[in-house]
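The structure under discussion appears below in the form of structure tokens.
Values below: all heavy atoms of this structure, side chains included; hydrogens, waters and symmetry mates excluded. Just so it is clear, the structure is predicted and the values come from calculations on it, not from any experiment.
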Amino acid sequence: MTNDRLLRALRHEPVDTTPIWLMRQAGRYLPEYRRLREQAGSFMNLCQTPELACEVTLQPLRRFDLDGAILFSDILTIPAAMGLGLHFVPGEGPHFHHPVRTPEAIGKLAAPDIADDLGYVADAVRLIRRELNGRTPLIGFAGSPWTLATYMVEGGPSKTWQNIKALLYNEPRAMHQLLDLLARTVTDYLNAQIAAGAQAVQIFDTWGGVLTPAAYREFSLQYMQRIVQGLKTAPDGSHVPVILFTKGGGPWLEDIAATGCDAIGLDWTIDIGTARRRVGDRVALQGNLDPMLLYARPEIIRAQAAAVIDDFGPGTGHVFNLGHGVTPQVDPEHVAALVDAVHEHGARLAS
Ligand code: CP3
């Protein structure tokens, strides 16, 4: 492989500079993405057509000197394959025609057939690996069981989480039944991505941070740990690093590190140096520039990126990222400034 900085940092091996990839590095802030999405007719059509998913995955790598590609897909492919009727309401985000709100509805759910119903994802992974031809590693991903459940129970984005929290507190057994089904499905889904060529995987626990500490351990972390333990090695026998990203997970870093994951994804509400002192070198750390900094001027982006790298400090085990995804109105030139600044400043620290 020509550029393996990302995998080296995840393994705590020395690197020539800090590797960087960005959550949502492909998407609406890129005019070439908007054009292709219009041609494709819908976002799900992009995800479900391997050639289009491959093209969108590669778009940001043509513009920026990124150290990783991330499979273009969505975490909601799993509930979509379970028959919940996924659709996107413009300006509102994802919705389901058939949310699952009762123990009876949960009892009727069945695991999707990963090869049949989600085969397009593994096909996309194989195609992207071929097209990347070793230029950077390919990251696969899935949603955490808890985060998938929030969308499945609420039926869409929520500010209060009242339906899923009522279910969690009133019907903990049904909640666990749903999370158990999702954990088994996500494990099989990530293993299919690994078998097809994903070289690292990230679990997105976007909504873990809305739980109490006790509920986080019981209803989110426990299931992510089961997934970590159920992941297979790559076809060549090598270990595939797993990154756990809980937005709002700062209070629970020690617990997250204890799952056996290789890296923790940090949001922007914790200093990366503080995080490192808390977990030591047990895991690598990924993050954690405030995504809204991309709306600041390039020289400010550069200074703040350097500050994150300096706060992490010397030694290996840092993968640069934002604390959450790139948002649609960001100027691509600002992303270019960030990527270059990270490589320049990271090299100064490495040498
Ligand atoms: O990071 C990447 O470049 C890979 C692609 C990716 C997408 N979704 C593409 C996408 C990844 C990793 C995701 C994960 C995802 N999807 C998460 C977890 C990460 C996070 O952001 O917290 C979540 C919660 C979802 C569910 C989802 N899908 C949401 C909330 C939305 C946005 C709706 C909106 O209109 O803002 C989507 C749609 C989606 N997924 C888009 C993209 C590029 C936008 C689709 C479009 O309108 O073109």
Side-chain angles (χ1 to χ4, degrees), residues 3 5-25 29 60 63-68 70 136 139 202 204 206 209 243-254 256-257 262-327 329-351:
N3 176 0
R5 260 180 218 135
L6 170 66
L7 297 177
R8 293 180 63 84
L10 288 171
R11 290 193 298 252
H12 270 282
E13 292 169 7
V15 283
D16 58 341
T17 187
T18 309
I20 173 171
W21 71 278
L22 303 173
M23 294 188 268
R24 289 279 175 95
Q25 63 190 26
Y29 76 105
R63 277 183 183 255
F64 317 117
D65 188 19
L66 292 159
D67 298 298
I70 178 161
T136 70
I139 304 160
Q202 173 156 319
F204 285 90
T206 307
I243 307 158
L244 294 194
F245 170 71
T246 291
K247 185 159 152 278
W252 312 312
L253 298 181
E254 294 82 356
I256 299 172
D262 299 273
I264 302 180
L266 303 173
D267 73 12
W268 65 94
T269 62
I270 181 165
D271 289 326
I272 196 166
T274 308
R276 190 179 187 192
R277 282 188 288 282
R278 279 173 49 196
V279 297
D281 284 338
R282 271 180 292 166
V283 289
L285 293 175
Q286 177 177 283
N288 69 341
L289 194 77
D290 180 355
M292 292 306 133
L293 253 161
L294 290 174
Y295 292 98
R297 287 189 296 279
E299 67 270 22
I300 296 178
I301 297 172
R302 279 193 277 271
Q304 294 287 324
V308 170
I309 292 172
D310 289 342
D311 189 25
F312 181 85
T316 185
H318 183 202
V319 173
F320 200 99
N321 207 314
L322 302 172
H324 200 195
V326 183
T327 52
Q329 278 83 39
V330 161
D331 179 347
E333 289 303 315
H334 289 205
V335 174
L338 172 64
V339 173
D340 291 343
V342 167
H343 285 154
E344 273 167 40
H345 197 77
R348 229 175 290 162
L349 216 72
S351 56

Where do Ile270 and Arg278 land on the side chain to side chain contact (heavy atoms under 4.5 Å, CB included) test, with the steps shown first? CA-CA 11 Å; Ile270 181 165; Arg278 279 173 49 196; 3.7 Å; yes

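To the nearest 0.5 Å, the span separating CZ on Phe204 from CG on Leu244 amounts to 11.5 Å. To the nearest 0.5 Å, atoms OG1 (Thr136) and CD1 (Ile70) are separated by 11.0 Å. Taking CG of Leu22 as the reference point, atom OH of Tyr29 lies at 6.5 Å (rounded to 0.5 Å). Between Gln286 atom CD and Ile264 atom CD1 the span is 11.0 Å, to the nearest 0.5 Å. Separation of atoms CG (Leu6) and CZ (Phe320) is listed at 14.0 Å; rounding is to 0.5 Å. Between atom CD1 of residue Ile272 and atom CG of residue Asp310 there is a gap of 11.5 Å, rounded to the nearest 0.5 Å.
Using a 4.5 Å heavy-atom threshold, the side chains of Tyr295 and Gln329 count as touching. Contact of the Arg24 side chain with the Leu322 side chain is not registered, since no non-hydrogen atoms from C-beta on lie closer than 4.5 Å. The shortest distance between side-chain heavy atoms of Trp21 and Pro60 does not fall below 4.5 Å. Thr18 places none of its side-chain heavy atoms less than 4.5 Å from the side chain of Leu349. With a 4.5 Å cut-off on side-chain heavy atoms, Trp268 and Leu289 do not count as touching. Residues Glu333 and Pro298 have side chains not in contact (no heavy-atom distance under 4.5 Å, counting atoms from C-beta outward). A 4.5 Å side-chain heavy-atom check between Ile300 and Leu293 finds at least one atom pair inside the cut-off.
Annotation: salt bridge (charged side-chain N to carboxylate O under 4.0 Å, His left out) contacts of Arg297 (sequence neighbours excluded): Glu299.
A donor-acceptor pair under 3.5 Å links the side-chain atoms of His12 to the main chain of Val283, judged by distance alone. In terms of modelled atom types and a separation under 3.5 Å, the side chain of Asn321 and the main chain of Met23 share a donor-acceptor contact. No donor-acceptor pair closer than 3.5 Å links the side chain of Asp271 to the backbone N or O of Gly273. Although no hydrogens or angles enter the test, the distance criterion places no donor-acceptor pair under 3.5 Å between the side chain of His345 and the main chain of Asp340. Under the 3.5 Å distance criterion, the side-chain polar atoms of His334 are matched with a main-chain donor or acceptor of Leu294. In this structure, the side chain of Arg282 engages the main chain of Val279 through a donor-acceptor pair within 3.5 Å. Of the possible donor and acceptor atoms, one in the side chain of Thr316 sits under 3.5 Å from a partner among the backbone N and O of Glu13. Without hydrogens or angle criteria, Glu344 side chain to Ala306 main chain gives no donor-acceptor distance under 3.5 Å. Side-chain atoms of Arg8 come within 3.5 Å of backbone N or O of Pro14 as a donor-acceptor pair.
Of all non-hydrogen atoms in Ala305 and Val342, the two that sit nearest each other are CB-CG2, 4.1 Å. In plain terms, the two heavy atoms of Pro291 and His324 that are nearest each other are CG-N, 3.7 Å. Pro314 approaches Arg276 most closely through the heavy-atom pair O-NH1, 2.8 Å. In plain terms, the two heavy atoms of Ala350 and Val15 that are nearest each other are CB-O, 3.6 Å. For the residue pair Val319 and Ala9, the shortest heavy atom distance occurs at CG2-CB, 3.9 Å. Scanning all heavy atoms of the two residues, the minimum distance from Thr17 to Gly346 falls at OG1-C, 3.1 Å.
Only one option out of Val308, Asp267, Asp311, Thr269 pairs with Asn288 in a side-chain contact (heavy atoms from CB on, under 4.5 Å); it is Val308.
In this structure, Arg5 pairs ionically with Asp67, as a charged nitrogen and a carboxylate oxygen lie closer than 4.0 Å.
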